[in-house]
Every structure is written in C-alpha cells, then in structure tokens.
Protein chains: 2
Amino acid sequence: MNISQAARRSGLSAKTIRYYEDIKLIAPAARSDNGYRQYDQAAVKELRFLAHARDVGFDLEESRQLLELSRNPARQSRHARDLVMEKSQKLQERIEQLVAMQKELLAMATRCKGDEGPECAIIENLAAGQESDK
Amino acid sequence: MNISQAARRSGLSAKTIRYYEDIKLIAPAARSDNGYRQYDQAAVKELRFLAHARDVGFDLEESRQLLELSRNPARQSRHARDLVMEKSQKLQERIEQLVAMQKELLAMATRCKGDEGPECAIIENLAAGQESDK
DNA sequence: TGTAAACCTTACAGTAGCTGGAAGGTCAAG
DNA sequence: CTTGACCTTCCAGCTACTGTAAGGTTTACA
C-alpha cells in the first residue's frame with residue numbers, strides 16, 4: 001500500500017511517516033517502480049505502535065527504545081516496565097504542576113470583577129512579585 | 001543594574017531577557033557607557049510580570065497581551081479575565097488528557113510482570129492497534 | 001486524446017521558547 | 001598584569017512536526 005493508506009491505518013500523517021524514516025526511527029520503506037514508498041502489514045504495525053507510544057506520552061527517543069524492545073524477542077519485560085514507570089512518574093509531576101497553575105488561574109479569576117474598569121486582581125497578582133534577590 | 005542582577009530579581013535567565021528584547025516583548029533596555037544593558041525597578045517589575053505569566057501557563061503571545069493590559073491604565077479588567085478563563089479551560093483539557101495517559105500507563109504497568117522474560121503486556125498493548133481503515 | 005484531481009517525490013523553511021557556544025570586549029580584585 | 005566574572009553579538013540547535021514549492025505519476029472522466 002502507498003503512504004497515505006499506511007497513514008490512515010496507523011493514525012499518523014504521511015508527513016510524519018516520512019519524518020520517522022528520515023530520523024531512522026523506522027527502516028526505509030520499500031519502493032515500487034515509480035519510486036513510491038510501499039508498506040505492508042508489519043510496517044503498519046510498527047507505525048501504529050509508534051502512534052500509540054506517542055499518544056500515551058512517550059517522546060520519540062523513548063518510543064524508539066520501546067519499539068526496539070518490541071522487535072527484540074530476547075527482551076526483558078523489566079526494561080519496558082521501567083520506561084513506563086519513569087514516564088508515569090514524570091507525567092504525575094507534570095499533572096501536579098498543571099493543577100497548581102490551574103488553581104492559581106481560578107483564584108485570580110475569582111478575585112477579578114471582569115468589568116469595564118481597569119482595576120484587576122489578575123494584573124495585580126501577576127505584577128506582585130515574590131522579590132527574590134536584592 | 002546589569003542584566004544578571006535583573007535576571008536574579010525577576011526569575012528569568014539573562015538569555016531569556018535578551019530574547020524577550022529581541023522579539024520586542026519588552027522595550028530595548030537602556031545602555032550604559034560600556035554598552036551593557038541597564039535595568040531599573042520598573043523594568044524588573046515587567047520582567048517579573050512576564051515570568052509569572054509564563055509560570056501559570058500563558059504563552060508569549062498571551063503574556064504580551066497581559067503585559068499590554070497591565071501597562072494600559074484605561075484597560076478593562078474583562079479582557080484580562082477572558083484571557084485567564086480561556087487559558088484555564090485549555091489547561092483543564094490538557095490536564096484531563098494527561099490524566100487519561102497516566103491511567104493507561106498505570107494500567108499497562110500493572111499487567112506487565114517486569115521480569116527477565118520477554119512476555120510483556122506493555123509491548124503487546126502498544127502493538128495492539130485499534131485498526132482504523134481497511 | 002486531453003486534462004484535472006488526487007496521489008506521490010524531495011527539499012527547504014518555519015513553528016515555540018528558549019539554550020549553548022563561539023569570539024570577543026570590560027571590569028574589579030589581588 | 002593577569003585571572004575570573006561579567007557583558008556583547010551572532011549563529012546553531014533542540015522537539016516533533018507542519019507547510020509550501022516544484023515537480024513526477026496515476027486514474028477517472030469527457
């Protein structure tokens with residue numbers, strides 16, 4: 001199949017698939033006589049793997065590691081688990097950070113009248129700085 | 001004061017301050033005879049404003065808008081409030097997305113033994129694709 | 001047979017928000 | 001007079017793509 005069908009089946013864009021080939025995340029696709037890239041079921045499966053890994057938050061380097069594990073029949077599931085736990089930890093920290101931001105945004109919004117006047121707790125709050133160094 | 005002190009007092013790096021000047025987020029700093037940038041309290045206050053706006057999740061364009069509001073004595077607090085509410089909404093969506101990712105990561109990790117063997121629910125889960133198009 | 005739409009190719013530029021490094025000028029202490 | 005800590009500008013690189021240009025191919029249809 002051509003690249004756009006592989007894209008549809010994998011959930012990646014054709015652009016992204018070419019990009020993944022460029023950066024050697026996947027092996028160069030076979031080519032048909034006209035020079036078009038050709039994908040088989042196995043190739044699509046790897047693309048779907050990558051799409052899913054990205055979806056759950058792995059970056060390209062981590063996705064590459066996971067893909068290598070999936071290709072390696074002598075892998076140790078411990079390695080995959082380590083990657084997942086580490087990502088989960090980072091994600092947890094990120095979530096807590098966003099929740100804290102969210103909390104502060106709502107606190108600011110609550111105290112701002114949001115009318116036609118210039119007085120604004122949001123602006124004051126952002127301007128009010130924790131002075132650090134003198 | 002010189003740039004590194006302004007950096008310490010604002011919570012931004014010197015690099016970042018120069019960058020903000022470059023992209024005209026802030027006015028070009030005054031220069032002393034030797035060509036060094038000079039910052040006064042008002043300048044530091046704007047830098048702190050920006051640092052804080054970034055901290056709570058605003059991107060540079062939004063931060064620029066907020067800074068303009070803070071500079072404008074004829075502002076309407078409604079505008080600031082709108083920016084905050086919109087950002088809060090986006091943030092909420094992002095948080096829910098990350099929480100869903102986190103949930104899936106933990107579900108995968110739970111089902112993976114994480115030992116020396118190759119059998120791994122994580123790999124299987126990532127490989128198992130929701131086949132979309134035939 | 002012509003042509004237009006829908007594919008495909010490569011190559012290069014741009015995005016956000018910085019950070020790092022090179023190459024060099026300035027300043028205060030010892 | 002040298003060392004180290006500043007400062008300057010400029011350019012490259014980071015992530016993970018996306019957009020665009022300029023072209024070649026294939027297919028459907030009039």
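This structure is a prediction, so every number in the text was calculated from the model and none was measured. Residue numbers start from 1 in every chain, and the chains themselves are labelled A, B, ... in the order their sequence lines are given, proteins ahead of strands.
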Do any of residues 14-23 of chain A sit with a heavy atom less than 4.0 Å from DNA chain D, and if so which?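 Of all residues in residues 14-23 of chain A, the ones placing a heavy atom under 4.0 Å from DNA chain D are A:Lys15, A:Thr16, A:Tyr19, A:Tyr20.
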
Mind listing the residues from residues 28-37 of chain B sitting with a heavy atom below 4.0 Å of DNA chain D? Number order is fine.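 Output list: B:Arg31, B:Gly35, B:Tyr36, B:Arg37.
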
Does one side chain, of [X] or [Y], offer a donor that lies under 3.5 Å from an acceptor on the other?
X	Y	value
B:Glu93	B:Gln97	no
B:Ser4	B:Asn2	no
B:Ser77	A:Glu119	no
A:His52	B:Glu104	yes

Check whether any side-chain nitrogen or oxygen of B:Ser13 sits under 4.0 Å from OP1 or OP2 of C:dC18, and answer yes or no.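 No, outside the criterion.
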
Sequence-distant partners of B:Arg54, side-chain hydrogen bond (donor to acceptor under 3.5 Å, both in side chains), two or more places apart: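 Here no residue qualifies.
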
Could you tell me if the side chain of [Y] sits less than 4.5 Å from the side chain of [X], heavy atoms only?
X	Y	result
B:Tyr19	B:Ile26	no
A:Arg18	A:Arg37	yes
A:Ile123	B:Arg75	yes

Quick one: CG on A:Leu66 to CD on A:Glu61, what's the gap to the nearest 0.5 Å?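 The CG atom of A:Leu66 sits 10.0 Å away from the CD atom of A:Glu61.
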
Atom OG1 of B:Thr16 and atom CG of B:Leu25: how far apart are they, to the nearest 0.5 Å?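 That separation rounds to 11.0 Å.
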
Keeping A:Arg81 on the side-chain end and B:Cys112 on the backbone end, is there a donor-acceptor pair under 3.5 Å?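 Checking the backbone N and O of B:Cys112 against the side chain of A:Arg81, a donor-acceptor pair under 3.5 Å is found.
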
Main-chain N/O of B:Ala43 paired to B:Glu46 side chain as donor or acceptor, under 3.5 Å: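 Not at all, since once roles are kept as given, no pair shorter than 3.5 Å links the two residues.
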
Near-strand residues of residues 57-66 of chain A, defined as heavy-atom separation under 4.0 angstrom from DNA chain C: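 Within residues 57-66 of chain A, no residue comes under 4.0 Å of DNA chain C.
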
Under the criterion side chain to side chain donor-acceptor pair (under 3.5 Å), I'd like the reasoning laid out for A:Gln5 against A:Arg8: C-alpha separation, chi angles, the key distance, then a yes or no. CA-CA 5 Å; A:Gln5 198 177 358; A:Arg8 276 190 296 273; 5.3 Å; no

Do B:Ile122 and B:Leu126 pass the side-chain contact (heavy atoms from CB on, under 4.5 Å) test, and can you show the C-alpha distance, the side-chain angles, and the key distance before you say yes or no? CA-CA 6 Å; B:Ile122 292 163; B:Leu126 291 173; 4.2 Å; yes

Measure the angle between the two terminal helix axes of the helix from C:dT1-D:dA30 to C:dG30-D:dC1, five base pairs each, and quote it to 10°.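 Both end axes considered, the difference amounts to 20°.
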
Which atom names give the shortest non-hydrogen contact between B:Leu106 and A:Ser88, and what distance separates them?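 Heavy atoms of B:Leu106 and A:Ser88 come nearest at CD2-OG, 3.4 Å.
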
Range on DNA chain D touched by chain A, heavy atoms, distance below 4.0 Å: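 Result: D:dA16 to D:dT26.
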
What is the distance, rounded to the nearest whole Å, between atom CD1 of A:Ile3 and atom P of C:dA6?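 Distance check: A:Ile3 CD1 to C:dA6 P gives 19 Å.
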
